[in-house]
Amino acid sequence: PAGLWGFVAEKGKGDDEAGVTVKEVLVGSPAADAGLKSGDRVLTIDGRGTDTLEDAHLAATTIKPGRVAIIEVKRNGKEQKLAVKVAKGV
């Protein structure tokens, strides 16, 4: 993606659950500032489904740096929305 989000996601083989799992959140990143945590399940990025890593990457590439994107996550069985202001990438 052109923008910097600051998290690493994964989707294990045989994982049929909706979304991708956050493996790591970089300290001081837009994702960290928004409250994203390791172990969160990202269900949507800006309204786009994220059932595969490819889906998540494509959704992230549509968000221009400087724009706020809403990420819907599942944490401890509860869904919530986080607002991430995407930074300019390198």
Side-chain angles (χ1 to χ4, degrees):
L4 175 69
W5 292 75
F7 73 94
V8 178
E10 64 183 357
K11 181 91 173 192
K13 189 174 183 178
D15 180 351
D16 295 330
E17 215 178 309
V20 295
T21 301
V22 176
K23 181 177 178 180
E24 180 182 2
V25 179
L26 303 175
V27 175
S29 69
D33 291 345
L36 195 67
K37 296 180 187 247
S38 180
D40 282 351
R41 192 77 177 190
V42 177
L43 304 175
T44 66
I45 295 176
D46 213 39
R48 295 174 181 250
T50 58
D51 285 338
T52 66
L53 290 174
E54 293 81 11
D55 289 345
H57 182 77
L58 284 173
T61 60
T62 65
I63 313 301
K64 295 191 186 292
R67 190 163 157 254
V68 174
I70 301 300
I71 296 184
E72 187 176 354
V73 301
K74 191 173 195 178
R75 181 184 296 160
N76 300 323
K78 296 179 184 175
E79 292 183 15
Q80 58 184 289
K81 294 181 181 180
L82 304 173
V84 178
K85 185 172 184 182
V86 181
K88 187 172 182 175
V90 288

TODO: Please answer whether the main-chain N or O of Thr62 pairs with a side-chain N or O of Arg48 as donor and acceptor at a distance below 3.5 Å.
DONE: no

Task: Closest non-hydrogen atom pair, Val68 against Ala83 - done: CG1-CB, 3.7 Å

Open item on the list: Could you report the tightest heavy-atom contact between Ser38 and Glu24, atom names first, then the distance?
Closed with: OG-N, 4.5 Å

Task: With Val84 via side chain to side chain contact (heavy atoms under 4.5 Å, CB included) - residues at least two apart - done: Trp5, Pro30, Ala34, Ile71

Task: Least distance between heavy atoms, Gly3 atom then Pro65 atom - done: CA-CG, 3.9 Å

- [ ] Would you mind reporting whether Ile70 and Glu72 have side-chain heavy atoms less than 4.5 Å apart?
- [x] no

- [ ] Verify the neighbour count for atom CZ of Arg67: are there more than 12 heavy atoms of other residues, nucleotides or ligands below 6.0 Å?
- [x] yes

Task: Test item: Lys11 side-chain N/O and Gly19 main-chain N/O as donor-acceptor pair under 3.5 Å - done: yes

Open item on the list: In this structure, would Leu43 and Leu58 fall into the same cluster of hydrophobic residues linked by side-chain contacts under 4.5 Å?
Closed with: no

TODO: Walk me through it: do Asp15 and Glu17 pass the test side chain to side chain contact (heavy atoms under 4.5 Å, CB included)?
DONE: CA-CA 6 Å; Asp15 180 351; Glu17 215 178 309; 3.4 Å; yes

- [ ] Locate the shortest heavy-atom distance separating Leu36 from Val25; write the atom from each residue and the value.
- [x] O-CG2, 3.6 Å

- [ ] Check Arg75, Lys23, Lys74 against Asp40 for a salt bridge (charged side-chain N to carboxylate O under 4.0 Å, His left out) and give me the one that passes.
- [x] Arg75

Task: Nearest heavy-atom neighbours spanning Ala32 and Gly28 - done: CB-N, 4.1 Å

Task: Heavy-atom check, side chain of Gln80 versus side chain of Val73, under 4.5 Å - done: yes

Open item on the list: Has Thr21 got a side-chain atom pairing as donor or acceptor with Gly39's backbone, closer than 3.5 angstrom?
Closed with: no

Open item on the list: Is there a continuous path of hydrophobic side-chain contacts, each under 4.5 Å between heavy atoms, that joins Ile63 to Leu26?
Closed with: no

Open item on the list: Tell me the closest heavy-atom pair linking Ala59 and Ile45, and the distance in Å.
Closed with: CB-CB, 3.8 Å

